[in-house]
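All remarks here apply to the structure that follows.
Chain naming here is simple, since letters A, B, ... match the order of the sequence lines and numbering starts at 1 in each.
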2 protein chains.
Amino acid sequence: MLTRKGEQTRSRIVAGAADEIRERGVDEFRLEDVMARTRTSKSQLFHYFPDGKEQLLLAVARHEADRVLADQQPMLGDLTTWESWHRWRDRVVERYREQGTDCPMSIVLGHAGRRTPGAQAVVTGLMSRWQEALATGVRHMQAAGEMNPELDPGRAAAGLLAGVQGGVLFLLTIGDTGHLEAALDLGLGAMRSQRNDS
Amino acid sequence: MLTRKGEQTRSRIVAGAADEIRERGVDEFRLEDVMARTRTSKSQLFHYFPDGKEQLLLAVARHEADRVLADQQPMLGDLTTWESWHRWRDRVVERYREQGTDCPMSIVLGHAGRRTPGAQAVVTGLMSRWQEALATGVRHMQAAGEMNPELDPGRAAAGLLAGVQGGVLFLLTIGDTGHLEAALDLGLGAMRSQRNDS
DNA sequence: CCATTTTTGGACCCGCCAGTCCAAACCCAC
DNA sequence: GTGGGTTTGGACTGGCGGGTCCAAAAATGG
């Protein structure tokens, strides 16, 4: 069992580990640094995460995955007007601009995400919830006659989401939100257009 | 200086290292594995790459960066008709589908790309050449009256490229080209549309 | 052939860091 | 308080793997 104190320690470790990853990246992620930052000892780490580093990384991934979508609310859950789509767009840009050059999720996605099935599941789950929220928004707009009715909602959401991920990747690499904004605007532009001529 | 034999050994090492990264990822990249695969010894590695692992990784990055654009030719250099844009699109999808679950560039981009300025430069250079090729194509099409004249060519290219990168990221993570195709189609759709109503 | 330079083999070193272990401190229920 | 648990400290281990080194083999060039 876990007492209240244990609970606190555990979450302090997860939060500290998340910060550590944000600052140094997964490659440079050392248990020792987490210990120093959170004022805990080896035995504590392995007490709360018996499977060690991998399990801790997974806990961090879950922790961060929740934040990603939460930070986009309430816009993401109510994409029923063009105004809310644009507010969502701005929020995404803002969120990632703040987070700057490090996004724990994207990192996990590129690394552990490929390896361990657990982390893979976390990432996949996050992405499918995200995509579904976008697709729901597309359907709403189409029903209201405000969005290109020829679009397949799921496919459009997938394309837009890919743009966001790619944009974040550019942000992480060159530290500029330009590509992220361009991808969002291009994607929204495609959705807005009422007809194609090809 | 480098004799012919030395040249051969050196490129054998780079090629072997690239394969190794493709198969196991950067995290699992061990000099020992490269040695085994290329039948070379430690002293050879450090003879041709005195700065060790980092320098070898950089050489691999350069090697792969060249391939990325070369594999998109001749389409990428001649985006003057819708037909060539679509052939380019198909080529990109095809190329990455073949490459499957591992793309040395995307990996380097996420990892070393952030750390060493050298790798950063390689990635940035690749992306800007890529983006410029796309932008040139957009300008051509606009001049021919075949593409939405309101688009900023550079910005549209940036958005499309972000979509490609994000799509590849999805491919690497979940092993499916759906997002890549969706992003390309969404981006091309935005370019194709002749007018917006907002 | 000889001298010089390049190429190669592989043993060795060493730092780093995940993971183990034991015993002490602490908390809580009864 | 006393006996069960949980929580904590921190020393220790072990291996992995990057990097060093020396000396032998092979090429090169005159």
Test item: [X] and [Y] side chains (from C-beta on) under 4.5 Å apart, heavy atoms:
X      : Y      : value
B/S84  : B/M75  : no
B/V164 : B/W130 : yes
A/T136 : A/L79  : no
A/D185 : A/R89  : yes

What is the distance from [atom1] of [X] to [atom2] of [N], rounded to the nearest Å?
X     : N      : atom1 : atom2 : value
B/K53 : D/dG19 : NZ    : C1'   : 12 Å
B/E7  : D/dT28 : CD    : P     : 13 Å
B/D27 : D/dC16 : CG    : C1'   : 15 Å
A/L2  : C/dC27 : CG    : P     : 15 Å
B/L45 : D/dC21 : CG    : C1'   : 15 Å
B/R4  : D/dA26 : CZ    : C1'   : 15 Å
B/Q8  : C/dT7  : CD    : P     : 11 Å
B/R30 : D/dG19 : CZ    : C1'   : 15 Å

Output yes when at least one side-chain N/O atom of [X] is less than 4.0 Å from OP1 or OP2 of [N], else no.
X     : N     : answer
B/Y48 : C/dT6 : no
A/T9  : D/dT8 : yes
A/Q44 : D/dT8 : yes
A/T3  : D/dG5 : no

Short N-O contact, [X] and [Y], less than 4.0 angstrom:
X     : Y     : value
A/E64 : A/R22 : yes
A/E32 : A/R37 : no
B/D33 : B/R24 : yes

Subject >> Nucleic acid contacts of residues 31-38 of chain A, taken as heavy-atom distances under 4.0 Å to DNA chain C >> reply: A/L31, A/E32
Original post:
Could one point to a donor on the side chain of B/K42 or the base of D/dG19 with an acceptor on the other under 3.5 Å away?
Top reply: yes
Consider the side chain of [X], meaning its heavy atoms from C-beta on, and name the nucleotide among [options] that approaches it most closely.
X     : options               : value
B/F46 : C/dT7, D/dT7, D/dG18  : D/dG18
A/S41 : D/dG9, C/dT7, C/dA18  : D/dG9
B/K5  : C/dA18, D/dG19, C/dT8 : C/dT8
B/H47 : C/dT7, D/dT7, D/dG9   : C/dT7

**OP:** Assess the side chains of A/Q131 and B/H179: does a donor N or O sit below 3.5 Å from an acceptor N or O?
**Re:** yes
Which donor-acceptor pairs under 3.5 Å do the side chains of residues 51-60 of chain B make with protein atoms, sequence neighbours left out?
residue : atom : partner : partner atom : Å
B/K53   : NZ   : B/F29   : O            : 3.2
B/Q55   : OE1  : B/D51   : N            : 2.8

Subject >> Secondary structure of DNA chain C in dot-bracket form (Watson-Crick or G-U wobble, distances below 3.5 Å, | marking inter-strand pairs) >> reply: ||||||||||||||||||||||||||.|||
**OP:** Determine the contact category for A/F49: base if any of its heavy atoms lies under 4.0 Å from a base atom, sugar-phosphate if only primed atoms, P, OP1 or OP2 are that close, otherwise nothing.
**Re:** nothing
**OP:** Classify the angle between the aromatic ring planes of A/W85 and A/W88 as parallel (below 30°), tilted (30 to 60°) or perpendicular (above 60°).
**Re:** perpendicular
